[in-house]
Amino acid sequence: MSEKQHLYLVDGSAYIFRAYHRLPPLTNPQGTPVGAVYGYTTMLWKLAEDLHKADGPTHLAVILDKAGTSFRNDLYDQYKANRPPPPEDLVPQFPLIRDATRAFSLACIEEDALEADDLIASYARAATLRGWDVTIVSSDKDLMQLVGKCATGGGCIDMLDTMKNQRIDIPEVVEKFGVPPEKVGDVLALMGDSVDNVPGIRGIGPKTATKLIQEYGDLESALAAAPAMKASKLRESLIEQAEMARLSRVLVQLKEDCPLPIPIEDFALGQIPRDPLAAFLEEHGFTSLLRRLDDGKGSPGPKTQLNPAKPENMAAPAAPAGNRQSLPSWPAVDLGAYACIQSMGELQQWIARAFEARVVAIDTETSALDAMRASLVGVSLALGPNDACYIPLGHGGADMFAERPVQIDRAEALAALKPLLESDAVLKVGQNIKYDINILARHGVHVAPIDDTMVMSFCLDAGRSETGLAGHGMDELAERHLLHTTMKFKDLCGNGKKAISFAEVPLADATRYAAEDADVTWRLHRLFQPRLVDEAGMRIYQKVDRPLVRVVAMMERNGIKVDRERLSGLSTEFAAQIARLESVIFEKCGQSFTIGSPKQLGEILFDKLGYKGGKKGKTGQYSTDQSVLEGLAGQGAEVATLVLEWRQLSKLKSTYTDALQAAINPETGRVHTSYSLVGAQTGRLSSNEPNLQNIPIRTEIGRQIRDAFVAEPGNVLLAADYSQIELRLAAHMADVPALKEAFAAGEDIHARTAMEMFGTVDRDTRGRAKTINFAILYGISRWGLGGRLGVSADEAQAMIDRYFERFPGIQRYIHETLESVRECGYSQTLFGRKTWFPRIGSKNQAERQGSERAAINAPIQGTSADIIKRAMARMMPALAEAGLPRVKMLLQVHDELVFELPEGDVEKARPVIERVMATAAEPAVKLSVPLGVEIGTGLSWGAAH
DNA sequence: GAGGTCACG
DNA sequence: GACGTACGTGACCTCT
């Protein structure tokens with residue numbers, strides 16, 4: 001029985017646009033830009049390799065858009081009229097896409113007057129009718145209409161996004177559009193498409209379009225229902241623009257009956273003939289692919305290789321040429337090439353070669369994620385592409401009776417590695433090397449000097465990833481920059497309860513995984529180094545973030561002492577109060593329920609007890625947050641007050657008094673947080689497991705928790721805060737004379753603002769002024785400010801106008817910042833840190849305005865982060881120089897540093913800390929406002945404020 | 001895993 | 001007359 005036929009249809013035109021934006025600008029030996037072509041070539045390669053694999057192609061064709069007009073232009077002359085011309089260094093790559101396709105001896109289809117989407121739809125239909133399966137290689141949303149279509153012949157259609165390595169089937173479409181594929185056309189018709197200039201209905205975006213189709217079933221029903229809707233702008237638009245929507249429906253409809261220029265049988269995929277492909281690869285300098293071609297595609301799978309790769313296998317990456325980065329002539333990652341080091345002799349050879357290479361990528365494997373508890377299981381090193389090894393040191397240790405694999409003695413190996421890892425002459429590169437620094441420091445090895453690819457990526461690309469957060473993890477970096485899919489930790493060690501420790505992983509697998517990490521890190525480092533120079537990320541990386549890695553690592557190891565008895569006393573106290581509140585709440589509500597469930601609480605308050613003010617959000621659930629409950633309490637609902645108290649105590653107990661006890665490290669007796677150096681897009685640190693940057697302080701009851709953070713006997717805690725640093729920076733950056741004067745004179749800034757705004761200072765006006773000052777920092781809107789101040793939007797607007805008038809400079813700063821972000825795509829701090837805002841030009845109003853507010857705030861918040869980071873990097877040397885080696889820096893909370901020091905050192909340390917913090921901007925930046933620092937000391941953190 | 005809520009700067 | 005309404009985080013809880 002012959003296997004099922006599976007046709008892959010590659011949406012070539014769409015692919016190269018995406019590849020162009022995601023890949024570095026490479027050029028071939030002739031100087032022609034080929035970044036997108038390279039991406040396209042590797043994609044075809046990967047697809048061709050999957051021939052006859054499960055779900056792989058048996059037939060394959062590439063479909064391209066041909067320049068020109070299509071039948072859609074006859075329907076709507078504005079169709080695609082808005083489309084901006086392609087970037088100039090993409091233009092010469094279009095013909096090369098055809099060359100690449102021919103080089104693979106693959107069919108390449110393009111037809112006048114037909115768009116690629118229609119050809120794809122028609123081929124897909126023809127193939128499914130014949131019982132073939134079809135995979136459309138694209139992530140185009142229009143094509144998602146086809147997903148899941150199955151013909152009577154038995155063939156089905158899905159999609160493959162090769163960049164995300166993701167199959168798109170019906171569930172993925174439903175996830176994206178909220179409706180099944182057959183309704184996607186209706187959603188698209190309503191929302192329109194600014195790129196293709198499909199008009200849609202103005203004011204309707206993806207959210208509203210989805211909602212309408214979910215509710216009414218299809219476009220016509222939604223349009224028909226419009227007159228019965230309650231009066232709204234939406235209703236007007238639906239009625240007025242109904243014809244535009246109908247036209248859009250036709251424009252987005254795919255044509256499935258185009259004549260097929262080549263019959264599908266001709267797309268059969270076989271072994272790719274070598275010659276045309278080799279010539280093409282050579283011409284464009286794709287030497288790593290050329291090598292793979294000549295290696296007979298290099299059979300994957302384990303190859304036990306115990307000797308290090310020979311030096312001649314180490315391809316040196318090409319030096320950067322001008323502003324463009326040449327294509328690295330690296331071989332593809334080969335998991336079989338890595339060595340497993342099981343004898344001291346081999347280890348010594350690697351160490352000697354590392355000294356020669358002067359750059360070594362390292363990675364440690366451990367038994368757990370917490371660097372202060374995990375034990376060392378192995379170390380991997382990389383000296384070049386595929387030139388990497390793994391040194392197992394703690395495998396099979398848990399079970400005394402199991403056979404322990406052959407390994408070098410851990411102490412002996414570390415003693416041999418120590419001179420290398422501590423040598424000034426050898427750069428150690430890691431991905432999040434702070435972790436490895438801490439693991440090795442616990443074994444007496446102090447790794448230096450270092451580079452960190454994660455931090456480098458952050459300095460280059462903060463905010464740039466489409467997905468928003470994160471974006472600097474190794475798996476993601478390997479996909480994005482190396483087009484390589486890494487082995488996944490959970491594939492080795494499993495998930496959840498069934499997870500095993502890395503120490504239990506067989507050596508062959510452990511070697512592939514661990515050495516791959518070091519190999520990938522080495523390659524990323526080579527890519528990022530020239531980019532940091534070209535893209536001006538070097539300054540912030542070298543001066544701020546890189547020195548900070550080791551400082552933050554030290555702070556994490558220091559930890560802070562917490563008084564367990566005190567926390568447990570609070571837990572008991574809170575538990576009793578929670579229980580008491582619970583019974584009163586149940587009594588008042590006439591039933592018991594889960595108070596912690598907003599859903600149940602909302603239904604009881606608004607449906608059962610009938611309180612007013614229930615507003616349902618988009619999920620159809622009542623909101624019961626603090627402001628809502630406070631509103632109810634104002635109406636005399638005692639139960640709301642009780643729930644607020646209950647919430648506060650539950651929060652404090654579960655998040656702090658219980659959790660912090662559990663976080664005490666049994667070995668050190670202290671709590672060690674972990675700081676993320678890439679956690680916040682603005683350049684701030686973030687703290688996790690546990691988060692020590694959100695310990696309560698604003699309420700009296702919460703403040704007790706701060707008192708549980710204590711100094712060791714004979715020591716005190718010292719807390720040093722920057723006072724109003726963000727407002728000071730705003731005054732400097734926006735050049736606001738009145739604010740600068742006030743800061744120079746040491747005035748109460750909110751009081752000064754109140755005087756300027758309202759002509760009088762009292763508790764009320766000062767409070768309002770404070771709110772307005774923050775609103776400015778966060779990017780203002782009259783609705784937001786009005787809501788906060790409890791005034792109308794018009795009144796809020798009047799205040800904003802007055803603020804701009806009294807503090808000239810602010811408005812100009814906002815305007816100039818936004819202009820610059822729109823033009824460059826990123827904002828910058830005074831020290832040159834970039835934050836990218838890819839959604840600043842979004843068509844979606846809410847999304848765009850959100851980006852605008854973030855972009856106004858980022859330079860201010862980011863500059864503040866730069867300043868305290870500079871202070872941190874200088875602090876320990878300054879203290880040492882002042883003869884204060886026993887002062888420990890423990891915590892950073894954005895504008896505050898916490899130290900622990902012998903009581904007798906306080907008077908000497910105070911001015912040193914004050915000076916380092918107050919002068920941290922210098923000499924790089926000369927601020928026109930002083931930086932105020934407030935210092936307090938005490939036996940606990942609470943007392944130090 | 002998402003959504004709601006709330007702790008911090 | 002309405003979209004969602006302040007910037008940046010992380011943790012815990014409930015519910016699907």
Side-chain angles (χ1 to χ4, degrees), chain A residues 175 203-205 207-208 211 230-237 463 469 593-602 617-629 643-644 647-648 650-656 658-660 663 673-676 679-699 702-703 705-706 721-722 724-726 730 771-789 793 796 835 844-862 864-865 868 891-896:
Chain A
E175 190 192 339
I204 292 189
K207 291 279 154 61
T208 312
K211 215 171 73 191
K230 63 174 184 196
S232 69
K233 181 157 189 199
L234 176 63
R235 174 178 178 272
E236 299 307 309
S237 301
L469 299 176
F593 63 102
T594 310
I595 304 172
S597 163
K599 185 165 179 279
Q600 291 183 33
L601 177 65
K618 43 193 156 197
T619 51
Q621 205 180 304
Y622 289 113
S623 166
T624 65
D625 68 16
Q626 207 163 354
S627 64
V628 172
L629 293 184
V643 169
L644 282 170
R647 283 221 182 121
Q648 181 186 22
S650 303
K651 176 89 175 180
L652 294 177
K653 181 170 184 293
S654 66
T655 309
Y656 301 104
D658 288 353
L660 283 172
T673 183
S674 169
Y675 288 100
S676 170
Q681 310 293 345
T682 52
R684 273 192 179 177
L685 303 185
S686 72
S687 159
N688 59 58
E689 290 182 73
N691 183 353
L692 296 186
Q693 289 180 324
N694 71 347
I695 302 302
I697 193 168
R698 291 173 185 170
T699 66
R703 199 183 279 240
I705 292 165
R706 267 188 195 227
D721 285 55
Y722 282 113
Q724 309 287 5
I725 187 168
E726 293 195 3
T771 299
I772 298 168
N773 275 329
F774 279 105
I776 294 296
L777 296 181
Y778 297 153
I780 203 163
S781 85
R782 54 186 150 148
W783 296 280
L785 182 63
R788 295 260 158 165
L789 290 176
T835 301
N844 179 313
Q845 181 180 237
E847 202 171 65
R848 186 179 64 249
Q849 290 179 339
S851 281
E852 287 174 355
R853 291 192 298 267
I856 290 166
N857 180 249
I860 299 169
Q861 189 181 118
S864 158
I868 196 166
L891 302 177
Q892 188 250 42
V893 193
H894 310 308
D895 63 358
E896 170 184 11

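In what follows, chains are A, B, ... by sequence order, proteins preceding strands, each numbered from 1. All figures in this text were calculated on a predicted structure; none of them were measured in a lab.
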Which nucleotides of DNA chain C pair, in dot-bracket form (Watson-Crick or G-U under 3.5 Å, | meaning another strand): ......|||||||||.
Donor-acceptor pair under 3.5 Å, A:Arg698 side chain vs B:dG9 base: yes
Partner set under salt bridge (Lys or Arg N to Asp or Glu O under 4.0 Å) for A:Asp895, not counting sequence neighbours: none
Distance in angstrom units between A:Gln621 CD and B:dT5 C1', rounded: 11 Å
Most 5' of A:Thr594 and A:Tyr656 on DNA chain C, judged by nearest nucleotide: A:Tyr656
Per A:Ala854 side chain, nearest of listed nucleotides C:dG8, C:dT5, B:dC6: C:dG8
Those residues that, when tested against A:Thr594, pass side-chain contact (heavy atoms from CB on, under 4.5 Å) (two or more places apart): A:Ser597, A:Gln600
Sugar-phosphate only, base, or nothing, as touched by A:Ser851 at under 4.0 Å among non-hydrogen atoms: nothing
Donor-acceptor pair present, A:Lys651 side chain and B:dC6 base, under 3.5 Å: yes
Touch class at under 4.0 angstrom, heavy-atom based, for A:Ile776 against every strand present: nothing
side-chain contact (heavy atoms from CB on, under 4.5 Å) partners of A:Glu896, counting only residues at least two apart: A:Arg706, A:Ala719, A:Asp721, A:Val893, A:Val898, A:Trp941, A:His945
C:dC3 phosphate, OP1 or OP2, under 4.0 Å from A:Gln849 side-chain N/O: no
Sugar-phosphate, base or nothing in reach of A:Ile856, heavy atoms under 4.0 Å: nothing
Residue A:Asn857, side-chain atoms from C-beta onward, closest of B:dC8, B:dA7, C:dC7: C:dC7
For atom CD of A:Gln861 and atom C1' of B:dC8, their distance in whole Å: 12 Å
Nucleotide C:dC12, atom P - distance to CG of A:Asn688 in whole Å: 11 Å
Side chain of A:Tyr778 - closest among C:dA6, C:dC15, B:dT5: C:dA6
Touch class at under 4.0 angstrom, heavy-atom based, for A:Thr655 against every strand present: sugar-phosphate
Integer angstrom distance from the P of B:dG4 to that of C:dT5: 11 Å
Which residue lies more 5' along DNA chain C, comparing A:Asn694 with A:Gly784 via nearest heavy atoms: A:Gly784
Sugar-phosphate, base or nothing in reach of A:Ala865, heavy atoms under 4.0 Å: nothing
Distance in angstrom units between A:Lys211 NZ and C:dA2 C1', rounded: 11 Å
Distance, rounded to the nearest Å, where A:Ile695 contributes CD1 and C:dG10 contributes P: 14 Å
Sugar-phosphate only, base, or nothing, as touched by A:Glu896 at under 4.0 Å among non-hydrogen atoms: nothing
Touch class at under 4.0 angstrom, heavy-atom based, for A:Ala680 against every strand present: sugar-phosphate
Sugar-phosphate, base or nothing in reach of A:Thr208, heavy atoms under 4.0 Å: nothing
Donor/acceptor link under 3.5 angstrom from A:Gln626 side chain onto base of B:dC6: no
Inter-residue atom distance A:Leu601.CG - A:Thr624.OG1, 0.5 Å rounding: 5.0 Å
Sub-4.5 Å side-chain heavy-atom contact between A:Tyr656 and A:Asn694: yes
d(CD, A:Gln600; P, B:dG4) in whole Å: 16 Å
Aro-ring/base stack A:Trp783-C:dT5, d under 5.5 Å, angle under 30°: no
Given C:dA11, C:dG10, B:dG9, the nucleotide with the shortest approach to the side chain of A:Ser686: C:dG10
Touch class at under 4.0 angstrom, heavy-atom based, for A:Gly596 against every strand present: sugar-phosphate
OP1 or OP2 of C:dA6 under 4.0 Å from side-chain N/O of A:Arg788: yes
Nearest to side-chain heavy atoms of A:Ser654, which nucleotide of B:dG4, C:dC12, B:dA7: C:dC12
Separation of the P atoms in C:dA6 and B:dC6, to the nearest angstrom: 15 Å
Validation row: A:Arg647, A:Leu629 side chains within 4.5 angstrom (heavy atoms): yes
A:Ser687 side chain to A:Leu692 backbone, donor-acceptor under 3.5 Å: yes
Approximate separation, where rounding is to 0.5 Å, of A:His894 NE2 and A:Thr682 OG1: 9.0 Å
Integer-rounded Å distance: B:dG9 P and A:Phe774 CZ: 10 Å
Side-chain N,O (A:Ser687) to OP1/OP2 (C:dG10) below 4.0 Å: no
Nearest-nucleotide pick for A:Pro598, side chain only, options being B:dG4, C:dG1, B:dG9: B:dG4
Below 4.0 Å: OP1/OP2 of B:dG4 and any side-chain N or O of A:Ser623: no
Atom-to-atom span, CG of A:Leu644 to C1' of B:dA7 - whole angstrom: 15 Å
OP1 or OP2 of C:dT9 under 4.0 Å from side-chain N/O of A:Arg684: no
Under the side-chain contact (heavy atoms from CB on, under 4.5 Å) test, residues paired with A:Thr655 that sit two or more places apart: A:Lys651
Using distance only, find each side-chain donor-acceptor pair of residues 845-856 of chain A under 3.5 Å and give its atom names and separation, not counting sequence neighbours.
| unit_1 | atom_1 | unit_2 | atom_2 | d |
| --- | --- | --- | --- | --- |
| A:Glu847 | OE1 | A:Ser842 | OG | 2.7 |
| A:Arg848 | NH1 | A:Ser842 | O | 3.0 |
| A:Glu852 | OE2 | A:Arg822 | NH2 | 3.3 |

